[in-house]
*Asks:* 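This is the structure I have questions about; it appears just below.
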There are 2 protein chains.
Amino acid sequence: MARKTGSHSEITGPKIRAEAQRLFARHGFAAVSMRQIAGAVGVQAGALYLYTPDKEALLFDLLKTHMDELIAAWHAEPGGGDAHARLERFVRFHIRFNLERAEAVFLSYMELRNLSPENFAVIEGLRKTYETELEAILKAGQDEGVFLIPDTKLATMAIIAMLTGVNTWFREGGRLSRATVADIYWDMVRKSVGA
Amino acid sequence: MARKTGSHSEITGPKIRAEAQRLFARHGFAAVSMRQIAGAVGVQAGALYLYTPDKEALLFDLLKTHMDELIAAWHAEPGGGDAHARLERFVRFHIRFNLERAEAVFLSYMELRNLSPENFAVIEGLRKTYETELEAILKAGQDEGVFLIPDTKLATMAIIAMLTGVNTWFREGGRLSRATVADIYWDMVRKSVGA
DNA sequence: ACGCTAACTGAACGGGCGTTCATTATCAAA
DNA sequence: TTTGATAATGAACGCCCGTTCAGTTAGCGT
């Protein structure tokens with residue numbers, strides 16, 4: 001046996017990334033072997049190296065793609081309005097997007113330390129970019145006089161941590177719907193910035 | 001060479017736990033070998049098994065001890081007062097305690113999945129116990145009419161996530177002192193529950 | 001000074017790791 | 001139908017893993 005019938009790189013490539021994401025999120029990067037990933041995909045371990053130079057590059061690809069898509073999705077949201085409206089959109093967007101991609105979010109928080117310093121810096125830069133989007137809203141609200149925030153940098157970190165925390169406990173079909181959760185979190189965020 | 005000069009289990013035992021915590025926090029449980037831990041302690045790998053039945057038990061011991069100490073430390077805090085005062089004490093306690101033990105906190109959030117189901121349940125139970133302490137305060141404030149919270153369970157998770165988030169960015173000697181950070185977070189928490 | 005016990009070594013066990021590569025089967029264009 | 005490119009195999013490489021254990025030395029009560 002060598003090449004399989006019906007095999008195509010446009011199928012195997014995404015399949016590898018999907019299975020790697022699933023397994024990394026479930027067991028952790030270091031605890032998952034290339035052979036496990038290959039097994040989940042349905043190929044031998046050697047075949048993975050047609051799609052990635054090494055294991056770390058596979059992780060980096062997942063994290064980078066996620067961060068790029070996060071930022072792109074936020075930019076695709078409707079802009080404009082006052083700081084109050086923009087903050088509400090950010091809160092609802094963040095919760096929605098992160099719940100839709102729980103595995104990728106989990107990965108990008110847990111597995112950063114498995115990246116080389118250069119790759120780590122890239123992801124950190126993208127995260128900073130995203131955080132700056134929220135901080136800009138808070139600053140604008142502060143200038144407009146609709147928010148009362150002692151420190152916008154701190155408020156940024158506090159709000160993001162609070163929102164991202166939803167991923168740790170939310171379960172589909174639980175007591176509350178996504179919409180209700182978003183409503184309540186928005187209520188808390190709104191009040192916390194004094195609006 | 002066999003037994004080393006000046007060797008005592010009361011010294012080696014804690015040293016192993018300390019080095020394991022440091023290494024697990026830095027590189028992740030799965031990425032750290034027993035030989036690395038032994039090397040950091042200054043013994044051979046086999047010696048570790050005089051102090052732990054296996055690698056996972058070492059991790060569990062660290063997590064369990066941390067959670068026990070967290071809960072004990074909270075119970076040692078002065079009680080009494082109205083919900084407003086108790087919430088402030090909780091916020092300041094959580095930030096202070098977690099910053100004091102950053103490595104243990106990091107571990108107990110990141111490495112839970114490396115525990116067996118039984119051990120996982122134990123740590124989860126202790127976490128739940130701690131969270132319930134906060135929830136009781138929020139409920140009391142709700143009943144007293146000093147808080148305005150749509151859902152106390154959600155508010156509990158939101159506040160804990162927000163507070164624990166401090167650990168991800170706070171650096172000693174940075175722009176803000178611990179005390180200032182605690183002040184600002186308390187301000188945001190207070191407002192978010194409508195007090 | 002002796003003997004018991006506690007503390008540790010160092011080698012070994014079987015197994016899994018990430019990665020490479022010669023080889024082979026399939027696909028798609030000519 | 002031939003042919004070159006593509007997608008995969010499967011064996012092998014050297015290395016490190018968690019764990020065990022017989023043997024050895026240091027500490028210490030008697």
Side-chain angles (χ1 to χ4, degrees), chain A residues 1-24 26-63 107 111 113-116 118-119, chain B residues 1-24 26-63 107 111 113-116 118-119:
Chain A
M1 255 203 291
R3 180 169 185 172
K4 297 183 158 181
T5 67
S7 68
H8 285 285
S9 61
E10 308 95 65
I11 294 173
T12 306
K15 217 166 162 184
I16 288 173
R17 285 185 284 275
E19 294 296 341
Q21 179 162 103
R22 196 178 60 84
L23 289 167
F24 287 164
R26 194 157 303 181
H27 308 292
F29 175 77
V32 173
S33 71
M34 294 299 264
R35 283 170 180 83
Q36 276 177 64
I37 298 169
V41 172
V43 295
Q44 293 299 315
L48 300 183
Y49 291 84
L50 294 168
Y51 300 90
T52 184
D54 52 47
K55 195 186 176 191
E56 195 215 303
L58 184 51
L59 174 63
F60 177 68
D61 181 54
L62 293 172
L63 299 192
L107 262 194
E111 305 297 351
R113 60 182 161 187
N114 291 297
L115 261 27
S116 70
E118 306 85 53
N119 285 345
Chain B
M1 252 200 295
R3 180 168 187 171
K4 296 184 158 181
T5 66
S7 69
H8 285 286
S9 61
E10 310 95 65
I11 295 173
T12 306
K15 217 167 163 185
I16 287 172
R17 285 185 286 275
E19 293 295 341
Q21 179 162 103
R22 196 177 60 85
L23 289 167
F24 287 163
R26 193 157 304 180
H27 308 290
F29 174 77
V32 173
S33 71
M34 294 300 265
R35 283 171 180 84
Q36 276 176 65
I37 298 169
V41 172
V43 296
Q44 293 300 311
L48 301 183
Y49 290 85
L50 294 168
Y51 299 91
T52 183
D54 52 48
K55 195 186 175 192
E56 196 216 301
L58 184 50
L59 174 63
F60 177 67
D61 180 54
L62 294 172
L63 300 192
L107 262 193
E111 305 297 351
R113 59 182 161 186
N114 292 297
L115 260 29
S116 70
E118 307 83 56
N119 285 345

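Not measured: the values here are computed from a predicted model. Here is how names work: the chains are called A, B, and so on, in the same order as the sequence lines, proteins then strands, and each is numbered from 1.
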*Asks:* Just the rounded figure in Å: distance from C1' of dG18(D) to CE of M34(B).
*Replies:*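 That distance rounds to 7 Å.
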*Asks:* What is the distance, rounded to the nearest whole Å, between atom CG of N114(B) and atom P of dG18(D)?
*Replies:*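 Taking CG of N114(B) and P of dG18(D), I get 12 Å after rounding.
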*Asks:* dT26(C) base to R3(A) side chain: any donor-acceptor pair below 3.5 Å?
*Replies:*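 Such a pair exists between side chain and base.
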*Asks:* Working note: M34(B) + Y49(B), criterion side chain to side chain contact (heavy atoms under 4.5 Å, CB included); need CA distance, chi angles, decisive distance, verdict.
*Replies:* CA-CA 10 Å; M34(B) 294 300 265; Y49(B) 290 85; 3.6 Å; yes
*Asks:* Given dA7(D), dT19(D), dT19(C), identify the nucleotide with an atom nearest to the side chain of Y49(B).
*Replies:*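 When the side chain of Y49(B) is considered, dT19(D) is the closest of dA7(D), dT19(D), dT19(C).
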*Asks:* Y51(A) side chain N/O closer than 4.0 Å to the phosphate oxygens (OP1, OP2) of dA8(D)?
*Replies:*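 Indeed, a polar side-chain atom of Y51(A) lies that close.
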*Asks:* Starting at the 5' end of DNA chain D, which residue's closest nucleotide do you reach first, E56(B) or G46(A)?
*Replies:*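 Going by which nucleotide is closer to the 5' end, it is G46(A).
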*Asks:* To the nearest angstrom, how far is Q44(B) atom CD from dG23(D) atom C1'?
*Replies:*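 It works out to 14 Å between those atoms.
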*Asks:* Check the distance between dT20(D)'s P and L50(B)'s CG and give it to me in whole angstrom.
*Replies:*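 It is 12 Å, rounded to the nearest whole Å.
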*Asks:* Using side chain to side chain contact (heavy atoms under 4.5 Å, CB included), reason through N119(B) and L59(B) one step at a time and then give a plain yes or no.
*Replies:* CA-CA 10 Å; N119(B) 285 345; L59(B) 174 63; over 6 Å; no
*Asks:* Does R35(A) contact dG16(C) through a side-chain donor or acceptor facing the base, at a distance under 3.5 Å?
*Replies:*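 Check fails, no donor-acceptor contact within cut-off.
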*Asks:* When you match T12(A) and D54(B) each to their closest nucleotide on DNA chain D, which lands nearer the 5' end?
*Replies:*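 The residue whose closest nucleotide sits nearer the 5' end is T12(A).
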*Asks:* Does dA8(D) have OP1 or OP2 under 4.0 Å away from a side-chain N or O of H8(A)?
*Replies:*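 Looking at the OP1 and OP2 atoms of dA8(D), neither is under 4.0 Å from any side-chain N or O of H8(A).
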*Asks:* Is the phosphate of dC8(C), meaning OP1 or OP2, less than 4.0 Å from a side-chain N or O of K4(B)?
*Replies:*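 K4(B) to dC8(C) OP1/OP2: no side-chain N or O under 4.0 Å.
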*Asks:* Using a heavy-atom cut-off of under 4.0 Å over every strand shown, decide if V32(A) touches base, sugar-phosphate, or nothing.
*Replies:*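 Touches sugar-phosphate only.
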*Asks:* For dA6(C), take OP1 and OP2 only and decide whether either is under 4.0 Å from a side-chain N or O of S9(B).
*Replies:*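 For dA6(C), OP1/OP2 do not have a side-chain N/O of S9(B) under 4.0 Å.
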*Asks:* Please check if the side chain of K15(B) supplies one atom and the backbone of G42(B) the other of a donor-acceptor pair under 3.5 Å.
*Replies:*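 Not at all, since once roles are kept as given, no pair shorter than 3.5 Å links the two residues.
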*Asks:* Just verifying a value: how many Å separate K55(A) NZ and F24(A) CZ, rounded to the nearest 0.5 Å?
*Replies:*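 Answer for the NZ-CZ pair, K55(A) versus F24(A), is 5.5 Å.
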*Asks:* Between C1' on dG18(D) and CG on L48(B), what's the gap in Å once rounded to a whole number?
*Replies:*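 My rounded result for the distance is 11 Å.
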*Asks:* Looking at E56(A) and S116(A), would you say the former's side chain and the latter's main chain have a donor-acceptor pair under 3.5 Å?
*Replies:*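 Between the backbone of S116(A) and the side chain of E56(A) there is a qualifying donor-acceptor contact (under 3.5 Å).
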*Asks:* Take the protein atom NE2 of H27(A) and the nucleotide atom P of dC17(C), then report the distance between them rounded to whole Å.
*Replies:*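 Rounding to the nearest Å, NE2 of H27(A) and P of dC17(C) are 12 Å apart.
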*Asks:* What's the closest nucleotide to the side chain of T5(A) if the choices are dG18(D), dT19(C), dT26(C)?
*Replies:*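 The closest nucleotide is dT26(C).
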